[in-house]
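Proteins get letters first, then strands, A, B, ... in listed order; numbering begins at 1 in each. In what follows, every heavy atom counts, from backbone to side chain, and hydrogens, waters and symmetry copies are set aside.
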Protein chains: 2
Amino acid sequence: MALRYAILGLLTKKPSTGYELNQQFKETMIHFWSAHHTQIYRELIKLEEEEWVSSVIYPQEDSPDKKVYSIEDKGREELLKWLLNYKVEPPKLKDQQLLRVSMFHLIDPDDAIRFLEQSKEHHRIGVHHMNVWQQTQYPTDEDKKAALGEYFTSEFGKRYMKSWIDWCDWAIRVLEELKDEGN
Amino acid sequence: MALRYAILGLLTKKPSTGYELNQQFKETMIHFWSAHHTQIYRELIKLEEEEWVSSVIYPQEDSPDKKVYSIEDKGREELLKWLLNYKVEPPKLKDQQLLRVSMFHLIDPDDAIRFLEQSKEHHRIGVHHMNVWQQTQYPTDEDKKAALGEYFTSEFGKRYMKSWIDWCDWAIRVLEELKDEGN
DNA sequence: GGTGTATATGTGTAAAAGCACATATACACC
DNA sequence: GGTGTATATGTGCTTTTACACATATACACC
């Protein structure tokens with residue numbers, strides 16, 4: 001039920017196609033929300049039926065037609081209602097990497113270390129991507145107020161990935177020590 | 001499809017009832033996996049049909065009968081297969097708190113600050129709970145190897161919550177500065 | 001005496017999410 | 001000439017997850 005609010009939130013910034021919304025889910029919202037593109041297209045259809053958004057089709061020559069969605073008054077109203085009527089809810093997450101970490105008692109310490117090295121590398125690349133993104137997309141001082149959300153959540157994502165890397169280093173150290181004790 | 005492996009992972013530590021598994025999901029796995037209790041009971045039934053686990057019913061006098069599940073060879077085998085055949089997959093998450101943060105451009109800075117203060121308090125309580133848990137449940141040096149998973153993931157959860165709190169402080173500072181500039 | 005919480009296990013049904021596949025064009029790379 | 005990627009929007013179907021509710025006992029608190 002919250003996916004619709006995620007979509008509406010993006011549409012308050014600028015009218016977008018389903019394709020563009022999906023890009024933004026993958027780029028800027030990756031650290032707190034995931035959605036499949038088919039889910040986004042279907043939710044947009046529902047939102048239009050309920051008149052929370054409207055769409056205009058722009059024919060294109062060298063690629064398929066674009067369907068650009070805009071938020072309507074009803075949508076803006078409902079979004080604000082949802083935004084201000086909150087209770088602190090814990091996030092719902094499924095992290096296969098940490099799930100595997102939780103079973104490290106079943107595998108060889110060397111395999112565990114290899115796993116953590118890969119995970120660390122993955123997050124190192126993530127931090128790099130974030131730096132690239134920030135250099136091109138980061139809100140400047142003038143429009144910081146208009147892009148506060150992106151400013152805050154991208155910083156969160158960066159800190160999250162950095163603390164992942166630190167945690168990996170710590171866990172690898174613990175495993176190395178355990179190996180030494182074993183000798 | 002991964003829920004079953006989460007359940008199997010817990011059952012490698014000790015035979016448990018669905019109720020106990022649900023407790024552990026809420027206590028120690030909260031930082032990387034969420035599951036509803038009805039989902040756990042249904043998955044256990046499927047796992048037993050496929051003979052990955054088995055169950056024994058213990059009648060009780062002062063509360064309903066217990067159904068204690070144990071992992072079978074087939075389950076242990078499949079778990080290890082899954083554990084070692086991985087590709088690094090990004091986590092799937094739905095965090096309503098960060099989703100609301102991403103829409104801070106729509107609300108009053110004072111409302112945003114209040115929101116972050118509540119969120120911070122929530123994570124402060126989380127760190128406190130973690131400290132209490134660690135004092136009673138934390139693996140000691142002797143059985144650290146047997147409880148490596150809990151040792152690593154609880155440390156991850158603690159670091160995660162602490163970095164949430166730091167990030168809240170940072171974001172509140174940014175908002176205060178923006179307010180001052182507005183005057 | 002009622003309310004809330006804890007123990008313990010479910011069913012029925014709805015909503016959310018994901019997978020495989022479909023269509024159509026174009027540009028880059030080997 | 002084939003493969004992969006990017007643009008752009010979907011359908012059909014399955015799996016996963018969640019919600020409301022059901023049952024039964026006991027203990028604490030007001």
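- By the 4.0 Å N-to-carboxylate-O rule, A:Arg173 lies too far from A:Glu176 to be salt-bridged with it.
- With ring centers used as reference points, A:Tyr160 lies under 6.0 Å from B:Tyr160.
- In this structure, CG of A:Leu47 is placed 15 Å from P of D:dT9, rounded to the nearest angstrom.
- Non-hydrogen atoms lying under 4.0 Å from DNA chain C are contributed by A:His36, A:Thr38, A:Gln39, all within residues 15-40 of chain A.
- Overall bending of the helix from C:dG1-D:dC30 to C:dC30-D:dG1, expressed as the angle between end axes built from five pairs apiece, is 40° (10° steps).
- Looking at B:Ile45 and B:Glu48, their side chains never come closer than 4.5 Å, going by heavy atoms from C-beta outward.
- In this model, the phosphate group of C:dT9 is approached by a side-chain N or O of B:Tyr41 to a distance below 4.0 Å at OP1 or OP2.
- Shown for residues 90-100 of chain A: residues whose heavy atoms fall under 4.0 angstrom of DNA chain D, namely A:Lys92, A:Lys94.
- Atom-to-atom, CD1 of B:Ile7 to C1' of D:dT16 comes out at 13 Å; the value is rounded to the nearest Å.
- Listed nucleotides: C:dT13, C:dA16, C:dC19. Nearest to the side chain of B:Arg42: C:dT13.
- Between A:Glu43 and B:Tyr69, the one whose closest nucleotide on DNA chain C sits nearer the 5' end is B:Tyr69.
- Considering every non-hydrogen atom in both B:Ser70 and B:Leu11, the closest pair reads C-CD1, 4.5 Å.
- In this structure, a donor-acceptor pair under 3.5 Å is present between the side chains of B:Gln96 and B:Arg100.
- Side-chain atoms of A:Glu72 and A:Ser54 form a donor-acceptor pair, as typed in the model, at a separation below 3.5 Å.
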Worksheet entry | Verdict with reasoning, A:Glu78 to A:Lys81, per salt bridge (charged side-chain N to carboxylate O under 4.0 Å, His left out) | CA-CA 5 Å; A:Glu78 293 285 345; A:Lys81 207 193 285 176; 3.5 Å; yes
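- The pair A:Lys46-A:Glu49 fails the salt-bridge criterion, with no side-chain N (NZ, NE, NH1 or NH2) lying under 4.0 Å from an Asp/Glu carboxylate O.
- Across the protein-nucleic acid pair, A:Asp65 atom CG and C:dA26 atom P stand 13 Å apart, rounded to whole Å.
- Using a 4.0 Å cut-off between charged side-chain N and carboxylate O, B:Glu155 and B:Arg159 make a salt bridge.
- One atom, NZ of B:Lys66, and another, P of C:dA8, lie 5 Å apart when rounded to the nearest Å.
- Between B:Tyr86 and A:Phe115, the ring-plane angle classifies as perpendicular under the 30° and 60° cut-offs.
- Between B:Glu150 and B:Lys13 there is a salt bridge, since a side-chain N of the basic residue sits under 4.0 Å from a carboxylate O of the acidic one.
- When rounded to the nearest whole Å, the span between CD of A:Glu89 and C1' of D:dT17 equals 15 Å.
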